[in-house]
S.K.: 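A single structure is presented below for examination.
Whatever order the structure lists ligands and atoms in, that order sets their numbers, starting from 1. Quantities reported herein were computed from a predicted structural model and do not represent experimental measurements.
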Amino acid sequence: MNGVVGLTISTGSVRGLGSSYSYEDLDKIAQYVLTCTKQRPKIAIICGSGLGGLAETLSEKECLAYKDIPNFPVSTVPGHAGRLVFGKIGDKSVMCMQGRFHMYEGYPAWKCAMPVRVMKLMGVNTLFVTNAAGGVNPDYHVGDLMLIKDHINMPGMASNNPLVGDNDERFGVRFPAMTEAYDKKLRKLAHEIANNLGFGDFLRDGVYTMLGGPSFETIAELRYLRLIGTDAIGMSTCPEVVTARHCGMRVFGMSLITNVCVMDYEDDRVPNHEEVLETGKMRAGDMELLIRRLVSEMEDE
Ligand SMILES: O=P(O)(O)O[C@@H]1C[C@H](O)[C@@H](CO)O1
């Protein structure tokens with residue numbers, strides 16, 4: 001299959017940092033993916049752990065496994081099916097990533113985010129990111145939905161930013177601002193829709209902090225994360241959002257709180273991935289409904 005687009009990956013930065021996919025390499029992948037679907041989506045949705053069900057609700061569904069896309073990474077985590085799903089929500093074409101890439105799988109930040117550049121080259125201008133996250137804010141409950149208003153990119157702050165390495169101006173500027181990473185208008189609309197759906201009691205607005213994982217956090221780490229303003233924590237999302245904003249996409253983010261983060265040495269509850277997937281099943285339908293309504297009602301860019 002790899003020979004289909006005749007892609008040779010270039011050697012990347014001379015300093016050995018950053019993406020080894022050139023603009024042209026990524027464009028070849030984008031053009032190849034477009035040959036596999038009749039949809040021409042302007043909206044992409046990245047489905048977090050256990051949240052891939054949204055892709056199943058698309059009409060006119062077409063699927064493309066990551067392993068069948070030349071030079072595309074593959075998913076290795078339970079709850080991440082590892083395929084692109086194309087289809088429609090109402091009359092709008094969308095593409096879903098049913099499974100994302102995480103740094104703890106061994107992928108560098110730029111590779112976790114590489115599908116976002118492929119999407120951009122396919123014509124996508126609005127990115128929805130979803131994830132499963134632990135609730136650090138003591139007022140949060142399992143099953144809450146949190147609209148992401150901002151993030152703390154812990155790996156990025158330690159130079160594991162997806163934009164490290166040579167900058168190609170065709171994607172964006174060397175030093176992109178991240179002050180309004182998450183689109184205010186979309187968040188406002190999401191609040192209105194959620195209230196109309198009767199979701200007000202479990203809808204939150206908060207700050208997502210990304211950690212590298214795969215180990216869950218110590219109690220001391222959790223206390224520190226709360227002190228610096230974290231509402232929810234996870235192991236993804238920031239590389240995708242930074243890359244999307246760099247290339248000028250509008251971003252909407254939502255976390256499903258799948259577990260509470262225990263911050264008391266006397267409490268013997270421990271987080272685990274099975275619990276994360278189980279909670280996904282419990283609330284995923286509401287999350288899907290909210291995203292479907294938002295896609296239908298939002299203005300096109
Ligand atoms: O892909 P997301 O961020 O939804 O996955 C979360 C973080 C870890 O991959 C996993 C932990 O259970 O779920």
S.K.: Of the options F72, F171, W110, which is the one that meets Y21 in a ring-ring contact (aromatic ring centres under 6.0 Å, His included)?
M.R.: W110
S.K.: Would you sort out whether T126 and E301 count as a side chain to side chain donor-acceptor pair (under 3.5 Å), showing the intermediate values?
M.R.: CA-CA 8 Å; T126 303; E301 278 271 282; 5.3 Å; no
S.K.: For atom 6 (C) of ligand 1, what's the nearest protein heavy-atom neighbour? Residue, atom name and distance, please.
M.R.: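 Minimum-distance protein heavy atom for atom 6 (C) of ligand 1 reads S49 OG, 3.4 Å.
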S.K.: Below 4.0 angstrom from a heavy atom of G48, which ligand 1 atoms are there? Numbered from 1 as shown, please.
M.R.: 4 (O)
S.K.: Are side-chain heavy atoms of R100 and P115 found at a separation under 4.5 Å?
M.R.: no
S.K.: Taking distance alone, with no angle check, do V276 and ligand 1 share an N/O pair under 3.5 Å?
M.R.: no
S.K.: Write down the atom of N272, the atom of F216, and the distance for their closest heavy-atom approach.
M.R.: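 In this case the closest contact between N272 and F216 is CA-CE1, 3.9 Å.
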S.K.: Go through ligand 1 atom by atom and flag the ones less than 4.0 Å from a non-hydrogen atom of N131.
M.R.: 3 (O), 4 (O)
S.K.: Report yes if some N/O of T237 lies less than 3.5 Å from some N/O of ligand 1; otherwise report no.
M.R.: no
S.K.: Are any non-hydrogen side-chain atoms of M235 and N131 less than 4.5 angstrom apart?
M.R.: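 No - every pair of side-chain heavy atoms lies 4.5 Å or more apart.
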S.K.: Taking N or O atoms only and a 3.5 Å limit, does Y208 qualify as a polar contact for ligand 1?
M.R.: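 Looking only at distances, the answer is no, because the N/O contact criterion of under 3.5 Å is not met.
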S.K.: Determine whether T130 and M287 make a side-chain contact, defined as any pair of heavy atoms from C-beta on separated by less than 4.5 Å.
M.R.: yes
S.K.: Which of the listed options, M103, E274, H273, holds the heavy atom that is closest to atom 12 (O) of ligand 1?
M.R.: H273
S.K.: Kindly compute the distance separating SG (C96) from CZ (R83), expressed to the nearest 0.5 Å.
M.R.: 10.0 Å
S.K.: Which residue owns the protein heavy atom closest to atom 1 (O) of ligand 1, what's the atom, and how far is it?
M.R.: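 Nearest neighbour among protein heavy atoms for atom 1 (O) of ligand 1, to 0.1 Å: H102 NE2, 2.7 Å.
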S.K.: For atom 9 (O) of ligand 1, what is the nearest protein heavy atom, given as residue, atom name and distance?
M.R.: Y104 OH, 2.5 Å
